[in-house]
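This report concerns only the one structure given below.
Throughout, a chain's letter reflects where its sequence line sits, starting with A, and its residues are numbered from 1.
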Amino acid sequence: MSRYNAAEIEARWQDAWETAGLFRAERKEGKPKYYVLEMFPYPSGKLHMGHVRNYTMGDVIARYKIATGHNVLHPMGFDAFGMPAENAAMAIGGHPKTWTYNNIDDMVEQMKPLGLSLDWDRMFATCDPEYYGQQQALFLDFLDKGLVYRKNAVVNWDPVDMTVLANEQVEGGRGWRSGAVVERKELTQWFFKISDMADELLGALDGLDNWPAKVKLMQANWIGKSRGLQFAFERVDGGEPITVYTTRPDTLNGASFVGISPDHPIAKAMEGDAAVDAFLAEARKGGTTEEAIETAEKLGFDTGIKVKHPLTGEELPVWIANFILMDYGTGAIFGCPAHDQRDLDFCRKYDLPVIDTFFALDDDTPVGKVAFVPAKSEKVRWVSHFAGLDVATGEEAINATIDFMEAKGLGEGVTKFRLRDWGLSRQRYWGCPIPVVHCEACGVVPEKKENLPVVLPDDVTFDVPGNPLDRHPTWRDVPCPSCGKAAKRETDTMDTFVDSSWYFARFTAPRAATPTNAAEADYWMNVDQYIGGVEHAILHLLYARFFARAMHICGHLPESAKEPFDALFTQGMVTHAIYKTEGADGRPVYHYPEEVTLKDGKAVLDDGRAVEVIPSAKMSKSKNNVVNPLHIIESYGADTARWFVLSDSPPERDVEWTASGAEAAHKHLGRVYRIASEIDAQAQGSEADDTALLREMHKAIHDVTMGVESFGFNAAIAKLYGFTTTLAKSNAGGAAKREAARTLAQLMCPMTPHLAEAVWEKLGGEGLCALAPWPVADAAMLVDDEVVMPIQINGKRRAEISVPKDMDKAEVEKIALAHHAVQKVLDGATPKKVIVVPGRIVNVVA
RNA sequence: GCCCAAGUGGCGGAAUGGUAGACGCAGGGGAUUCAAAAUCCCCCGCCGCGAGGCGUGCCGGUUCGAGUCCGGCCUUGGGUACCA
């Protein structure tokens with residue numbers, strides 16, 4: 001008897017696939033193509049369980065599609081620009097480029113043993129000049145089509161280090177290195193005009209039938225289409241009227257102040273006045289995140305300016321308020337405290353009036369500390385509505401108000417979107433250089449395409465804060481591409497989201513001399529199945545959808561690829577506890593799980609120091625709470641790791657990584673190997689036993705196929721456990737058992753491809769298991785002749801009966817009512833109602 | 001704050017509105033063995049001696065029937081536009 005030796009089997013079959021060139025993708029006519037893609041990794045250097053889970057899922061799909069006769073493209077690359085490389089350079093010295101490419105090499109080494117069906121020939125990293133040079137070409141094309149422009153926008157500014165900080169580098173409103181209170185500062189930056197496509201991006205969500213509803217909902221809310229009223233308040237002092245936008249114009253009678261953003265032109269015009277400057281400085285403290293702004297203490301400053309209410313003529317004060325965003329609407333609002341909690345808090349704080357404009361139908365208590373904000377679809381009673389409404393829903397009132405204001409020529413109904421343009425400028429080194437030159441004479445001049453790629457210089461240091469490109473004269477100072485006079489290169493680089501917004505298209509022709517190749521893109525696009533973490537539900541996926549449209553406009557993708565991902569699956573995250581201690585400088589130090597041991601329920605380091613355990617959270621490189629899957633592969637083999645990550649949890653759910661279970665997975669694979677090895681081909685079995693086994697085989701084919709197609713991998717694996725047990729216990733003959741075991745190998749092949757090949761070969765399967773046509777379930781074999789039907793009495797299960805599967809309802813009802821448990825409860829009475837669901841259940845209502 | 005999810009035994013989880021707990025882990029018992037490893041078999045939600053009762057985060061609703069649908073909460077997680 002031979003034993004299951006994973007290391008030997010896996011090396012052998014990986015060689016066999018490599019030799020056969022099984023996963024090299026080429027355009028082929030006559031076979032349907034299938035493009036499966038997992039979100040490519042950031043090269044942190046350590047493969048973690050989340051990666052294994054993600055790529056194994058993609059691999060199951062890819063291998064299943066190969067077995068069902070598809071020409072499959074399954075590529076892999078690296079999202080290689082970004083902050084961690086610069087952080088590493090600052091922390092441990094060295095160069096981001098060296099660090100990144102070393103990590104890529106390490107990760108490829110860690111991925112290859114998994115036996116993934118990847119076309120490694122197509123691999124690239126976004127920090128390859130060949131890739132980002134094409135990205136620069138795309139940028140120039142977008143510029144040409146008016147899809148990119150410059151404007152001012154705020155960034156997190158560290159006033160001590162004098163650098164821009166990423167949101168992640170702001171901790172509790174302070175810079176992570178300097179500890180200084182962060183300020184919001186305006187800079188001129190590049191933007192993609194994604195807002196022009198807001199309506200289209202929203203509308204097209206409807207067509208994405210194979211996307212999770214929750215992702216579409218999140219994107220729809222993010223784009224945030226709303227219809228509201230735009231109108232102007234006349235200033236009492238005769239100055240420029242203040243235009244406001246509101247989605248609740250029906251509450252106009254409840255207005256008690258006009259609020260403007262600290263970045264509003266009126267606020268800016270008041271700069272210079274000491275009190276105003278002091279307030280603006282205060283209002284600009286803190287980070288730029290929506291969360292920071294929304295949860296910050298509400299601050300206001302009375303400008304002294306008065307405006308006239310357009311309907312009542314009443315005078316309202318104009319306040320600068322820190323919670324009003326210049327980016328949304330017009331940067332000015334009217335405050336209606338009775339029906340908006342934020343406005344109410346503000347008015348209570350600054351002692352402004354609160355005016356109820358409507359009440360609940362059955363309650364007319366004036367607003368106190370809690371604003372009355374009913375759903376727009378709810379009917380309310382109006383105190384006095386200028387359009388003459390009494391009882392009406394918010395929606396009706398909004399429409400009536402817009403009509404009323406339009407008729408009077410006081411304002412107009414306007415549709416606005418929450419979605420803002422995508423700021424792509426980053427004041428950092430390790431990113432794709434923005435290919436433009438700033439010339440005093442010519443202004444902003446695009447770099448010539450023949451000069452691309454604009455390559456990052458290698459001779460940079462990270463010993464002082466700030467962007468090294470800013471202080472690199474030989475790279476920065478260049479002649480103007482237009483007039484030839486001395487000029488300066490743009491030293492900002494692109495957001496790394498740009499890199500990941502078109503890599504899927506580049507995979508179709510990764511070495512092309514243009515961003516894409518039309519024939520290849522036509523053939524391979526779209527991505528048939530995209531798989532990745534749900535944390536990318538909004539930004540990455542929205543940006544990629546925008547990019548596909550923009551690339552189509554510039555002729556780089558066909559019309560049909562405007563929605564680049566036909567089907568999307570968002571897997572849950574792999575979470576793990578975070579282990580934290582404090583460094584000598586008081587900053588937190590995060591430890592890898594393998595550095596920590598649990599002793600008497602307490603976590604300690606090797607040197608005995610106690611570690612603070614923070615509850616499970618997304619595995620993250622900045623928190624070091626990642627688990628190295630390599631030791632599972634080393635001790636049990638890749639198939640065990642693959643089987644294990646698929647078996648334990650539904651793929652869309654978060655999974656907390658634990659060590660137990662890998663052992664069990666390995667045992668099971670050994671069992672399959674042994675069962676297959678021990679089948680006696682000559683053994684005779686009864687026809688009944690053969691049929692029983694083959695019936696179970698067809699049920700397994702059916703259930704596993706359904707499971708694979710619907711991402712129910714854990715359920716498919718549970719079925720395979722059951723089928724393995726059935727096979728082990730079966731008294732069927734050798735021929736039937738060999739057929740069943742070969743089918744088992746095929747069904748397991750997407751998940752445990754190496755073991756499947758070994759078993760397949762042992763049982764005389766023809767060629768490679770990976771290429772064997774996927775088995776098809778025989779519908780006739782799926783139904784049993786007898787079914788067990790539970791009997792409920794008043795919805796509670798009391799008994800069960802076994803009846804032929806197609807017995808008619810009346811007959812079933814008769815047998816059920818005759819059952820002694822039913823007789824006992826009925827006690828001679830007639831039941832009120834009997835419900836028979838054929839093949840399912842009987843419910844007697846007594 | 002706002003948007004989106006999730007919550008079922010000791011644990012991971014299963015369940016087209018139709019027998020709640022499939023399958024696996026852990027645990028308990030047994031077989032095999034000189035012994036062990038490996039393997040195989042049985043038990044395993046809670047309360048109760050039992051009959052039986054109670055059970056899918058909490059409260060309410062729809063239904064012959066709710067883990068599943070609806071309303072309201074609670075908790076946890078993700079996103080919140082410069083982490084990727």
Exercise. Tell me: CD of Glu535(A) to C1' of A81(B), nearest whole Å?
Worked result: 16 Å
For this session: Please list, chain by chain and in numerical order, all residues satisfying side chain to side chain donor-acceptor pair (under 3.5 Å) with Arg428(A), sequence neighbours excluded.
Result: none
Exercise. At under 4.0 Å between heavy atoms, what does Val845(A) touch on the DNA or RNA strands: base, sugar-phosphate, or nothing?
Worked result: sugar-phosphate
Exercise. What residues form a ring pair (Phe, Tyr, Trp, His ring centres under 6.0 Å) with Tyr328(A), not counting sequence neighbours?
Worked result: none
For this session: Grab the two heavy atoms, one from Asp340(A) and one from Val373(A), that are nearest each other, plus how far apart they are.
Result: N-CG2, 4.2 Å
Exercise. Hey, does Phe497(A) reach any base, or is it just sugar-phosphate, or nothing, if we go heavy atoms under 4.0 Å?
Worked result: base
Exercise. Can you list, by residue number, the residues of residues 714-723 of chain A that have a non-hydrogen atom closer than 4.0 angstrom to RNA chain B?
Worked result: Asn714(A), Ala718(A), Tyr721(A)
Problem set entry | Pair Tyr636(A) and Phe644(A), ring centroids less than 6.0 Å apart | no
Exercise. Less than 3.5 Å between a donor and an acceptor, one on the side chain of Arg418(A) and one on the base of U80(B), is that the case here?
Worked result: no
Seminar exercise, completed: Gln571(A) CD to A84(B) C1', in whole Å, measures 14 Å
Exercise. Between G18(B) atom P and Met789(A) atom CE, what is the distance in whole Å?
Worked result: 13 Å
For this session: Scan Pro41(A) against the nucleic acid and name what it touches under 4.0 Å (heavy atoms): base, sugar-phosphate only, or nothing.
Result: nothing
Exercise. Any idea which of G18(B), A84(B), A81(B) is nearest the Tyr543(A) side chain?
Worked result: A81(B)
Exercise. Once you round it to whole Å, what is the distance between P of C2(B) and CD of Glu290(A)?
Worked result: 11 Å
Exercise. How would you label the contact of Ser647(A) with the nucleic acid (heavy atoms, under 4.0 Å): base, sugar-phosphate, or nothing?
Worked result: nothing
For nucleotides 68-73 of chain B, give me every protein contact, N/O to N/O, under 3.5 Å, one pair per line with atom names.
none

Problem set entry | Distance, rounded to the nearest Å, where Lys185(A) contributes NZ and C82(B) contributes P | 18 Å
Exercise. Does Glu290(A) come within less than 4.0 Å of Arg418(A), counting only side-chain N to carboxylate O?
Worked result: yes
Exercise. With a 4.0 Å cut-off on heavy atoms, is Ala664(A) in touch with a base, just the backbone sugar-phosphate, or nothing at all?
Worked result: sugar-phosphate
Exercise. Which residues pass the side chain to side chain donor-acceptor pair (under 3.5 Å) test with Arg420(A), sequence neighbours left out?
Worked result: none
Please tabulate, one pair per line, all N/O donor-acceptor pairs under 3.5 Å involving side-chain atoms of residues 715-727 of chain A, not counting sequence neighbours.
unit_1	atom_1	unit_2	atom_2	d
Tyr721(A)	OH	Trp643(A)	NE1	3.3
Thr724(A)	OG1	Leu720(A)	O	2.6
Thr725(A)	OG1	Arg671(A)	NH2	3.3
Thr725(A)	OG1	Tyr721(A)	O	3.1
Thr726(A)	OG1	Gly722(A)	O	3.0

Exercise. With sugar-phosphate meaning primed atoms plus P, OP1 and OP2, does Ser425(A) contact a base, only sugar-phosphate, or nothing at under 4.0 Å between heavy atoms?
Worked result: base
Problem set entry | A81(B) phosphate, OP1 or OP2, under 4.0 Å from Arg420(A) side-chain N/O | no
Exercise. Does the cation-pi check pass for Lys151(A) over Phe191(A), that is, NZ or CZ under 6.0 Å from the six-membered ring centre and within 45° of its axis?
Worked result: yes
Exercise. Roughly how many Å is it from NZ in Lys796(A) to C1' in G52(B), rounded to a whole number?
Worked result: 12 Å
Exercise. Any salt bridge between Asp495(A) and Arg426(A), counting N to O under 4.0 Å?
Worked result: yes
Exercise. What stems involve RNA chain B, if each pair must be Watson-Crick or G-U and both of its distances must be under 3.5 Å, with 3 or more such pairs in a row?
Worked result: B:1-7 with B:74-80, B:10-12 with B:23-25, B:27-31 with B:39-43, B:45-47 with B:52-54, B:57-61 with B:69-73
Problem set entry | side chain to side chain donor-acceptor pair (under 3.5 Å) against His540(A), all qualifying residues, sequence neighbours excluded | Tyr530(A)
Exercise. Does Glu294(A) or Gly795(A) map to a spot on RNA chain B nearer the 5' end, using the closest nucleotide for each?
Worked result: Glu294(A)
For this session: Ignoring the backbone of Arg797(A), work out which of C82(B), A20(B), G78(B) is nearest its side chain.
Result: A20(B)
Exercise. From the list C82(B), G18(B), C64(B), which nucleotide is the closest neighbour of the side chain of Lys833(A)?
Worked result: C64(B)
Problem set entry | Set of ring pair (Phe, Tyr, Trp, His ring centres under 6.0 Å) partners for Phe711(A), sequence neighbours left out | Phe569(A), Phe713(A)
For this session: Please identify each residue that fulfils ring pair (Phe, Tyr, Trp, His ring centres under 6.0 Å) with Phe81(A), with sequence neighbours left out.
Result: Tyr132(A), Trp430(A)
For this session: To the nearest Å, give me how far apart CE (Met39(A)) and C1' (A84(B)) are.
Result: 11 Å
For this session: Give Val155(A) one of three labels, base, sugar-phosphate or nothing, depending on what nucleic acid heavy atoms sit under 4.0 Å from its own.
Result: base
Exercise. Of Phe192(A), Phe504(A), Phe497(A), which is the lone residue that meets ring pair (Phe, Tyr, Trp, His ring centres under 6.0 Å) with Phe547(A)?
Worked result: Phe192(A)
For this session: Taking atom types as modelled, find out whether Thr163(A) and Asp158(A) have a side-chain donor-acceptor pair closer than 3.5 angstrom.
Result: no
Exercise. For His536(A), which contact category applies under a 4.0 Å heavy-atom criterion: base, sugar-phosphate, or nothing?
Worked result: base
Which protein N or O atoms sit under 3.5 Å from an N or O of nucleotides 3-7 of chain B?
unit_1	atom_1	unit_2	atom_2	d
C3(B)	O3'	Asn221(A)	ND2	2.8
C3(B)	O2'	Asn221(A)	ND2	3.0
G7(B)	OP1	Arg653(A)	NH2	3.3

Exercise. Is the base of C82(B) touched by the side chain of Gln427(A) through a donor-acceptor pair closer than 3.5 angstrom?
Worked result: yes
Exercise. How close or far is atom C1' of C23(B) from atom CG of Leu646(A), stated in whole angstroms?
Worked result: 15 Å
Exercise. On a plain distance test, is the side chain of Gln189(A) in donor-acceptor contact with the base of C82(B) below 3.5 Å?
Worked result: yes
For this session: Kindly say if Asn167(A) contacts the phosphate of A81(B), meaning a side-chain N or O under 4.0 Å from OP1 or OP2.
Result: yes
Exercise. Reading nucleotides 36-43 of chain B from the 5' end, what letters show protein touch, with B for base, S for backbone sugar-phosphate only, - for no heavy atom under 4.0 Å?
Worked result: ---SSS--
Problem set entry | P gap between C73(B) and C3(B), integer Å | 12 Å
For this session: Under 4.0 Å between any heavy atoms, over every strand shown, what does Gly670(A) touch: base, sugar-phosphate, or nothing? Just pick one.
Result: nothing
Exercise. OP1 or OP2 of G12(B) less than 4.0 angstrom from a side-chain nitrogen or oxygen of Ser649(A), does that happen here?
Worked result: no
Seminar exercise, completed: Winner on side-chain proximity to Asn843(A), out of G18(B), A81(B), G1(B), is G18(B)
Seminar exercise, completed: Closest non-hydrogen atoms of Ile324(A) and Ile333(A), given as atom of the first, atom of the second and distance, are CD1-CG1, 3.6 Å
